Every structure is written in C-alpha cells, then in structure tokens.
Amino acid sequence: EVQLVESGGGSVQAGGSLRLSCAASGFTDSTYCMGWFRQAPGKEREGVAVLNEAGSSTYTDSVKGRFTISQDNAKNTLYLQMNSLKPEDTATYYCARRSQLFSGAHCPLQTLYGYNYWGQGTQVPVSS
C-alpha cells in the first residue's frame with residue numbers, strides 16, 4: 001500500500017520557521033515528482049514547491065528565498081523548510097506525488113493534474 005504521511009505542522013508566529021516532513025512508503029517508481037501544495041480557507045489548493053527524483057526543484061514566486069524543498073532518498077522522506085513565515089502562508093499543507101515517464105523531467109507546479117497520491121495534510125497557522 002502506498003502512503004504519504006506528513007508531519008511537522010503547528011502554530012508559529014510571523015517571522016518564525018517550521019520544517020515539514022513527508023514520509024513516503026510503498027512506492028516502486030524510480031522517476032517521479034514530489035511536492036508540497038497548500039490550501040488556505042476558502043481558497044483553491046495551490047502548488048508551493050516540487051522536485052523530481054534528481055532533485056531539480058521549482059517554487060511558486062511567493063515562497064522563493066524563504067522555503068526550501070529537499071528529499072532524503074535513504075529515508076524516503078520529503079522536506080519543506082519554511083523560514084520567515086508570513087500570515088499569508090497560513091494553510092493546510094499537503095504532500096503529493098506523481099510518476100514521471102522520463103528521468104529528470106520537469107515537475108508541474110501550477111496544476112494538480114497527475115498528482116495521484118496525497119497525504120492527509122498538516123496545518124500551519126501563522127499569527128501576526
């Protein structure tokens with residue numbers, strides 16, 4: 001059974017930091033995209049940061065320079081280091097994964113299409 005399990009969310013004040021983790025299990029594909037998406041109350045889910053199996057990453061403009069996505073292949077874990085958090089970062093953060101046909105392929109960030117596996121989400125409320 002494939003599974004994505006997020007952890008690391010919690011309340012934080014503006015300017016603070018958090019690190020989210022996403023433990024992946026049961027996957028057998030060697031070429032893939034994994035990423036972090038978020039959904040604020042009353043808004044659509046949006047891409048935050050994604051990377052492929054080679055570690056090539058893409059960020060949405062609002063988090064560039066503040067967030068860093070990374071993966072530990074030995075632990076099958078994806079991370080999102082979030083620094084200089086802002087109240088507008090408040091959302092439920094989801095980990096997601098999609099298979100890719102080719103190694104090193106660019107991972108889409110602007111669409112949820114193809115991301116067939118999702119974690120349960122972890123909440124990140126940022127207070128001002």
Side-chain angles (χ1 to χ4, degrees):
E1 179 186 5
V2 297
Q3 198 172 18
L4 297 172
V5 179
E6 300 103 335
S7 61
S11 298
V12 63
Q13 289 190 330
S17 298
L18 278 178
R19 188 177 80 157
L20 306 183
S21 300
C22 172
S25 59
F27 293 95
T28 59
D29 52 355
S30 59
T31 56
Y32 59 83
C33 293
M34 286 191 72
W36 293 96
F37 296 77
R38 67 186 179 186
Q39 188 166 17
K43 295 187 177 181
E44 293 187 352
R45 195 170 298 188
E46 63 173 357
V48 176
V50 293
L51 55 65
N52 62 20
E53 77 289 340
S56 178
S57 58
T58 305
Y59 296 87
T60 193
D61 286 346
S62 64
V63 307
K64 287 180 180 177
R66 300 189 297 121
F67 291 11
T68 303
I69 189 172
S70 62
Q71 61 184 345
D72 184 331
N73 292 327
K75 296 182 179 180
N76 293 322
T77 301
L78 181 75
Y79 300 100
L80 184 68
Q81 178 66 44
M82 305 186 294
N83 298 328
S84 301
L85 282 159
K86 303 176 180 180
E88 51 263 44
D89 295 318
T90 294
T92 299
Y93 284 71
Y94 298 89
C95 172
R97 183 177 175 124
R98 58 178 278 168
S99 293
Q100 295 283 82
L101 290 178
F102 304 106
S103 177
H106 172 74
C107 293
L109 179 65
Q110 302 302 325
T111 177
L112 308 182
Y113 179 79
Y115 288 93
N116 297 319
Y117 303 100
W118 292 84
Q120 80 285 358
T122 186
Q123 294 188 349
V124 179
V126 182
S127 59
S128 58

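Bear in mind that the values here come from a model prediction, so they are computed numbers and not experimental data.
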I want to check something: taking the side chain as every heavy atom from C-beta on, are [X] and [Y] in contact at a cut-off of under 4.5 Å?
| X | Y | value |
| --- | --- | --- |
| Glu6 | Tyr93 | no |
| Gln71 | Leu51 | yes |
| Leu109 | Thr60 | yes |
| Leu78 | Ile69 | yes |
| Gln100 | Asn52 | no |
| Thr58 | His106 | yes |
| Cys33 | Pro108 | yes |
| Val63 | Met82 | no |

Between atom [atom1] of [X] and atom [atom2] of [Y], what is the distance when rounded to the nearest 0.5 Å?
| X | Y | atom1 | atom2 | value |
| --- | --- | --- | --- | --- |
| Asp89 | Ser62 | CG | OG | 7.0 Å |
| Thr122 | Leu18 | OG1 | CG | 8.5 Å |
| Thr92 | Arg38 | OG1 | CZ | 11.5 Å |
| Ser128 | Lys86 | OG | NZ | 13.5 Å |

State, to 0.1 Å, how close [X] and [Y] come at their nearest heavy-atom pair, and which atoms those are.
| X | Y | value |
| --- | --- | --- |
| Pro125 | Gly10 | CD-O, 3.3 Å |
| Ser17 | Gln81 | CB-NE2, 4.0 Å |
| Pro87 | Ala14 | CD-CB, 4.0 Å |

Same hydrophobic cluster for Tyr94 and Val48, using side-chain heavy-atom links shorter than 4.5 Å among ILVMFWY?
no
Are Met34 and Tyr79 grouped together when hydrophobic residues (ILVMFWY) are joined by side-chain heavy atoms under 4.5 angstrom apart?
no
Report the residues that fulfil salt bridge (charged side-chain N to carboxylate O under 4.0 Å, His left out) with Asp72, sequence neighbours left out, ordered by chain and then residue number.
none
If a pair satisfies salt bridge (Lys or Arg N to Asp or Glu O under 4.0 Å) and one of its residues is in residues 94-104, list it, with sequence neighbours excluded.
Asp29-Arg97
Decide whether Ser103 and Glu53 meet the rule of one side-chain donor and one side-chain acceptor closer than 3.5 Å.
yes
I'd like to know whether CD of Gln120 has more than 12 heavy-atom contacts from other residues, nucleotides or ligands below 6.0 angstrom.
yes
Do other residues, nucleotides or ligands put more than 12 heavy atoms under 6.0 Å from Gln13 CD?
no
Note: Lys64-Asp61 ion pair, threshold 4.0 Å (strictly below)
yes
Once ring pair (Phe, Tyr, Trp, His ring centres under 6.0 Å) is applied, what residue pairs with a partner in residues 20-73 remain, sequence neighbours excluded?
Phe27-Tyr117, Phe37-Tyr115, Phe37-Trp118
